[in-house]
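Reviewing the structure listed below.
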Amino acid sequence: MSLDPDFASALVSHSMEIDETIALKLQQYVEVMWRMNEQLNLTRHTTWDLFVGRDLRDCLQLAPLLEPGEEVLDLGSGNGIPGIPLSILRSDIEVSLAESVTKRANALGEIVEQLEIPVPVYGARGEDLLEDFRFTTVVSRAVGSIAKFCRWVEPHWGSVDRLLLIKGPRWVQERGEARHLGALANLQIRRVAIYPLGIDDVKSELDDSSGREPSLQSEPNSDTAPGEGVILQIWPSGKRGAKYN
Ligand SMILES: C[S@@+](CC[C@H](N)C(=O)[O-])C[C@H]1O[C@@H](n2cnc3c(N)ncnc32)[C@H](O)[C@@H]1O
């Protein structure tokens, strides 16, 4: 197997340098997932440019935030973003996927089997898994607002040290909403990555074609420029999540 020239040129045009063995595994993931997408509607990112410029971009921002040996749950994995690329990029961490829609969970199971990667897939709601399993970090993209996540995890902080949520520019409004609802009481929230989004990316976030949470409108604000993505770390005040700071 050799690197698809379109994938290679998308990596160059987005200024991403990736080890060839890892790039080939990522390519295998995308090709298997796109084949399933024809029946299952797993993603709208069906060009190498969109995969690299949006999905891989977010995964590359997330990967260095994890410590060696972490046990990570991707909650609401959908087509496997960010969990599958994360497990390919970081073979020194354990990644599990939770996906509540059975046909998507089955597709994820088939993808990890074909890739021969050690990634357990749970066809379940992620927050329910926290009743039986412990993870150091829950990661997620495009699944729920900050308030929703805090509510889901609230009864389970004994089973997870921290959340790392990939968010677009609307995160400030979401944080305001979460504070207003009291969902952030006793929690700390901090931006641990900030990175530019393309103009098309921001536009598609506004009309939800990127699959991000559609509930709030984006407004310019002082905390994040309109074209920036962030990764938010959320953890209980004074508890274990603090060890990652
Ligand atoms: C918009 S998709 C995002 C998929 C992927 N994370 C991404 O960024 O492309 C949201 C996915 O989360 C799943 N989902 C929503 N709530 C969930 C929950 N509580 N536990 C597990 N999966 C959930 C949905 O079924 C859907 O597949």
Side-chain angles (χ1 to χ4, degrees), residues 26 29-30 32-34 36-37 39-47 49-63 72-89 95-112 119-133 135 137-156 159-160 163-171 174 183 193 195 197 201-202 204-216 229-232 234:
L26 289 168
Y29 155 62
V30 172
V32 171
M33 190 262 292
W34 279 350
M36 292 186 176
N37 198 43
Q39 265 95 53
L40 290 173
N41 192 22
L42 296 168
T43 183
R44 297 182 207 183
H45 295 173
T46 51
T47 65
D49 188 61
L50 285 172
F51 169 70
V52 171
R54 298 192 188 177
D55 298 334
L56 188 56
R57 171 204 63 201
D58 288 346
C59 296
L60 286 171
Q61 292 289 333
L62 182 63
V72 176
L73 177 68
D74 177 13
L75 194 159
S77 196
N79 64 337
I81 301 290
I84 292 181
L86 193 57
S87 76
I88 294 170
L89 292 163
V95 179
S96 300
L97 312 180
E99 171 50 54
S100 57
V101 172
T102 305
K103 66 172 189 176
R104 288 189 206 132
N106 291 342
L108 288 169
E110 208 168 308
I111 292 168
V112 302
V119 175
V121 177
Y122 297 97
R125 293 190 67 84
E127 64 275 30
D128 294 344
L129 283 181
L130 298 177
E131 287 177 15
D132 298 314
F133 296 94
F135 299 94
T137 299
V138 169
V139 299
S140 196
R141 187 185 78 164
V143 176
S145 66
I146 295 171
K148 204 189 254 185
F149 252 93
C150 292
R151 290 289 184 228
W152 281 345
V153 177
E154 192 178 10
H156 305 297
S159 304
V160 56
L163 309 179
L164 287 175
L165 304 181
I166 299 168
K167 290 282 173 190
R170 286 180 297 210
W171 78 273
E174 287 192 21
Y195 50 99
L197 305 177
D201 201 21
V202 176
S204 75
E205 177 164 337
L206 289 174
D207 56 20
D208 194 39
S209 58
S210 71
R212 290 179 195 254
E213 181 71 1
S215 61
L216 298 160
V230 296
I231 299 180
L232 300 176
I234 298 175

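Order of listing sets the numbers, starting from 1, for every ligand and every atom in it.
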Does an N or O from [X], backbone or side chain, lie closer than 3.5 Å to an N or O of ligand 1?
{"X": "Trp152", "answer": "no"}
{"X": "Gly126", "answer": "yes"}
{"X": "Ile81", "answer": "yes"}
{"X": "Gly76", "answer": "yes"}
{"X": "Asp74", "answer": "no"}

Should one rank [options] by closest heavy-atom distance to [atom], which comes out on top?
{"atom": "atom 7 (C) of ligand 1", "options": "Arg141, Arg54, Arg44, Lys103", "answer": "Arg141"}
{"atom": "atom 19 (N) of ligand 1", "options": "Glu99, Glu127, His45", "answer": "Glu127"}
{"atom": "atom 23 (C) of ligand 1", "options": "Ser77, Ser140, Ser100, Gly144", "answer": "Ser100"}

Are any side-chain N or O atoms of [X] and backbone N or O atoms of [Y], one a donor and one an acceptor, separated by less than 3.5 Å?
{"X": "Trp34", "Y": "His45", "result": "yes"}
{"X": "Arg151", "Y": "Ala147", "result": "no"}
{"X": "Ser140", "Y": "Leu75", "result": "yes"}

Between Gly126 and Ala98, what is the shortest heavy-atom contact and its length?
->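 Shortest heavy-atom separation between Gly126 and Ala98 comes out as CA-CB, 3.8 Å.
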Check Leu73 against Leu97 and note the closest heavy-atom contact, atom names and distance.
->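 Scanning both residues completely, I find the closest heavy atoms to be CD1-C, 4.1 Å.
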Considering the heavy atoms of [X], write down every atom of ligand 1 situated less than 4.0 Å from one of them.
{"X": "Asn79", "value": "9 (O)"}
{"X": "Leu75", "value": "18 (C), 19 (N), 20 (N)"}
{"X": "Ala142", "value": "1 (C), 2 (S), 3 (C), 8 (O), 10 (C)"}

Test ring-ring contact (aromatic ring centres under 6.0 Å, His included) applied to Phe149 - qualifying residues, sequence neighbours left out =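 Applying ring-ring contact (aromatic ring centres under 6.0 Å, His included) to Phe149 gives Trp152.
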Relative to ligand 1, is Ala124 under 4.0 angstrom through side chain, backbone, both or neither, heavy atoms considered?
->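 Backbone only; the side chain of Ala124 stays clear of ligand 1.
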Checking side-chain contact (heavy atoms from CB on, under 4.5 Å) for the pair Ile81/Arg141: CA distance, chi angles, key distance, verdict?
-> CA-CA 7 Å; Ile81 301 290; Arg141 187 185 78 164; 3.5 Å; yes
Would a 4.5 Å heavy-atom cut-off, applied to side chains only, mark Glu99 and Val121 as touching?
->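 Result no, sub-4.5 Å side-chain heavy-atom pair not found.
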Non-hydrogen atom of Gly80 closer than 4.0 Å to ligand 1 =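 Gly80: no contact with ligand 1 (<4.0 Å).
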The single option from Val52, Ile84, Ile88 passing side-chain contact (heavy atoms from CB on, under 4.5 Å) against Leu26 |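 Testing Leu26 for a side-chain contact (heavy atoms from CB on, under 4.5 Å) against Val52, Ile84, Ile88 leaves exactly one candidate, Ile88.
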